[in-house]
Colleague: 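Take a look at this one; I'll ask things after.
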Protein chains: 2
Amino acid sequence: MATRLLLVKADGSVLVHSDGGSYKPLNWMSPPCTLVEGDGTWTVTNKAGEQLIVTIEQVEHDSAHELGVDPGLVKDGVEAHLQKLLAEQIHTLGDGYRLVRREFPTAIGPVDIMCRDAAGGAVAVEIKRRGEIDGVEQLTRYLELLNRDPLLAPVRGVFAAQEIKPQARTLAEDRGITCVVLDYEALRGVDDPSQRLF
Amino acid sequence: MATRLLLVKADGSVLVHSDGGSYKPLNWMSPPCTLVEGDGTWTVTNKAGEQLIVTIEQVEHDSAHELGVDPGLVKDGVEAHLQKLLAEQIHTLGDGYRLVRREFPTAIGPVDIMCRDAAGGAVAVEIKRRGEIDGVEQLTRYLELLNRDPLLAPVRGVFAAQEIKPQARTLAEDRGITCVVLDYEALRGVDDPSQRLF
DNA sequence: TTGTTGATTTCGCAA
DNA sequence: TTGCGAAGTCAACAA
């Protein structure tokens, strides 16, 4: 038994907040779920039959407010933006680079950017906001597959991110993958539509 | 401008909740951070200098409560439990299996369980609650390393999880890794202390 | 409906 | 302090 903040949101979710844990509640139930009040308890049940049971001994405060849905939040600088900007400025990777296409399809998922270097060699680019080992593994899988295609092989790999963790860099370089740290501000700054030819 | 729930927790975090997004706030700032009130705005700044700026036009309700820290929440069935139970009942993997040790150390991190099969061959086990591609990659890295050790090689891999995603299973089996679906209830059921010899 | 990917993950442990 | 692994992710998009 402890003092807690109970929060029922309009989407049906029920949150039990303690005073720690940053934005994460101590416990919760995600929508869709049903809330049954009775005998000092809330019983919250989701579709899978899982239950969150709250015993209420005393109410310090209780109020309800309509929040509405509204525009909400606009994000900037997510991976999709990095991908778009880098595709437009593929020369960031080196002189003579040419874009083949974004979201280049393969059997195991799309490669973020496929391009060719000055010598005409195929280059697969994996883009992350934060470059960690997962991303290197993902690019490695793509490279293994792409290099089986005689029309493409040999395909080099480039791992591009705003920040690359040391361990990810080590793994990438061990595998012959080039690491590139992207400067989002610089990419965005150069992305002036009036300076673009097409 | 919209009606929002502003929540300042004792750990310093500031949460802006809308009526959607389940347990996640529309926007937030994680501790440690500082909150400066002034002129209808809250300016929340973290250590890295990032800012969350909230403009307040009207207050519908305002209250403060001491929540305390308390025991909180006890979890059951996390990976550590699966690992302990499987180590105690290593025969789940097959007759004649013997435990070498849990958290078997390697240069790139500990292998969850190292054991030997009936024929005496080394087996590295990676345990997950939910088996996804990441886990297969992790086990693959361990196997590559372990198989360079002439005292251990050849080392087989077993990928054990309560639930294994099809893509993870395919990747694992392509690499000769055995997939095992763990039944937590069954493992726990057998783990009756009164039935244990030590 | 199902699967896959990205995200301001947070938290705990150990080196 | 830093790095790494685990977690009840959630939401958007595509097949």
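To find a chain, count down the sequence lines: A is the first, B the second, and so on, and within it residues start at 1.
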Colleague: Whole angstroms only, please: what is the NZ-P distance between A/Lys47 and D/dC10?
Modeller: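 Result: 12 Å.
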Colleague: NA contact type, A/Met29, heavy-atom cut-off 4.0 Å: base, sugar-phosphate, or nothing?
Modeller: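 Contact class for A/Met29: base.
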Colleague: When you check the phosphate oxygens OP1 and OP2 of C/dG6, does a side-chain N or O of A/Arg130 lie under 4.0 Å from one of them?
Modeller: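 Indeed not, no polar side-chain atom of A/Arg130 lies that close.
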Colleague: Taking the same atom, C1', in C/dT9 and in C/dT5, what whole-Å distance lies between them?
Modeller: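 Taking atom C1' in both C/dT9 and C/dT5, they lie 15 Å apart.
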Colleague: Hey, is the main chain of B/Val16 close enough, under 3.5 Å, to the side chain of B/Asn27 for a donor-acceptor pair?
Modeller: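 The answer is no, because no donor-acceptor pair under 3.5 Å joins these two groups.
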Colleague: Taking only Lys NZ, Arg NE, NH1 and NH2, and the carboxylate oxygens of Asp or Glu, determine whether B/Arg101 and B/Glu103 approach each other closer than 4.0 Å.
Modeller: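 Result for this pair is no, no salt bridge flagged.
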Colleague: Would you please confirm or rule out a distance under 4.0 Å between OP1 or OP2 of D/dC10 and any side-chain N or O of A/Trp28?
Modeller: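 Yes.
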Colleague: Going by the angle between their ring planes, with limits at 30° and 60°, are A/His81 and A/Tyr184 parallel, tilted or perpendicular?
Modeller: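 The arrangement is parallel - the two ring planes meet at less than 30°.
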Colleague: Taking only side-chain nitrogens and oxygens of B/Ser30, does any of them come within less than 4.0 Å of OP1 or OP2 of C/dT10?
Modeller: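 Yes, B/Ser30 has a side-chain N/O under 4.0 Å of OP1/OP2 on C/dT10.
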Colleague: Whole angstrom is fine here: how far is it from CG in B/Asp134 over to P in D/dA7?
Modeller: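 Taking CG of B/Asp134 and P of D/dA7, I get 13 Å after rounding.
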Colleague: B/Gln138 side chain N/O closer than 4.0 Å to the phosphate oxygens (OP1, OP2) of D/dA6?
Modeller: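 B/Gln138 to D/dA6 OP1/OP2: side-chain N or O found under 4.0 Å.
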Colleague: How close or far is atom P of C/dT10 from atom CG of A/Leu15, stated in whole angstroms?
Modeller: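 Taking atom P of C/dT10 as the reference, CG of A/Leu15 is at 16 Å.
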Colleague: Taking atom P of C/dT8 as reference, at what distance in whole Å does atom OH of A/Tyr23 sit?
Modeller: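 It works out to 9 Å between those atoms.
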Colleague: Pick the C1' atom in C/dA7 and in D/dA7, then give their distance to the nearest Å.
Modeller: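 The answer is 15 Å between these two C1' atoms.
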Colleague: Find the distance A/Glu126:CD to C/dT4:P and express it as a whole number of Å.
Modeller: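 So the CD-P distance, A/Glu126 to C/dT4, works out to 16 Å.
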Colleague: Less than 4.0 Å between a side-chain N and a carboxylate O, is that true for B/Arg102 and B/Asp112?
Modeller: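 No, B/Asp112 and B/Arg102 are not salt-bridged.
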Colleague: Examine the side chains of B/Arg175 and B/Thr140 and answer whether a donor and an acceptor come within less than 3.5 Å of each other.
Modeller: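 Yes, because at least one side-chain N or O of B/Arg175 sits under 3.5 Å from a partner of the opposite role on B/Thr140.
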Colleague: Examine C/dG6: is either OP1 or OP2 under 4.0 Å from a nitrogen or oxygen in the side chain of A/Lys128? Give yes or no.
Modeller: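 The answer is yes; a side-chain N or O of A/Lys128 sits under 4.0 Å from OP1 or OP2.
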Colleague: Distance check: side-chain N/O of A/Arg129 vs OP1/OP2 of C/dT9, anything under 4.0 Å?
Modeller: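 Looking at the OP1 and OP2 atoms of C/dT9, one of them is under 4.0 Å from a side-chain N or O of A/Arg129.
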Colleague: Between B/Asp11 and A/Ile127, just flag the one whose closest nucleotide in DNA chain C comes earlier from the 5' side.
Modeller: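 Nearer the 5' end of the strand: A/Ile127.
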Colleague: Between P on D/dC10 and CG on B/Leu26, what's the gap in Å once rounded to a whole number?
Modeller: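 These atoms are roughly 16 Å apart.
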Colleague: How do A/Lys165 and B/Glu132 order along DNA chain D: which one's closest nucleotide is nearer the 5' end?
Modeller: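 Going by which nucleotide is closer to the 5' end, it is A/Lys165.
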Colleague: When you match A/Ile133 and B/Val78 each to their closest nucleotide on DNA chain D, which lands nearer the 5' end?
Modeller: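 Final value for this comparison: A/Ile133.
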Colleague: Would you mind reading off the distance between B/Arg102 atom CZ and C/dA14 atom P, rounded to a whole angstrom?
Modeller: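 Nearest whole value for this atom pair: 12 Å.
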Colleague: Could you state the CG-C1' distance from A/Leu82 to C/dA7, rounded to the nearest angstrom?
Modeller: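 Checked: the CG to C1' distance equals 13 Å.
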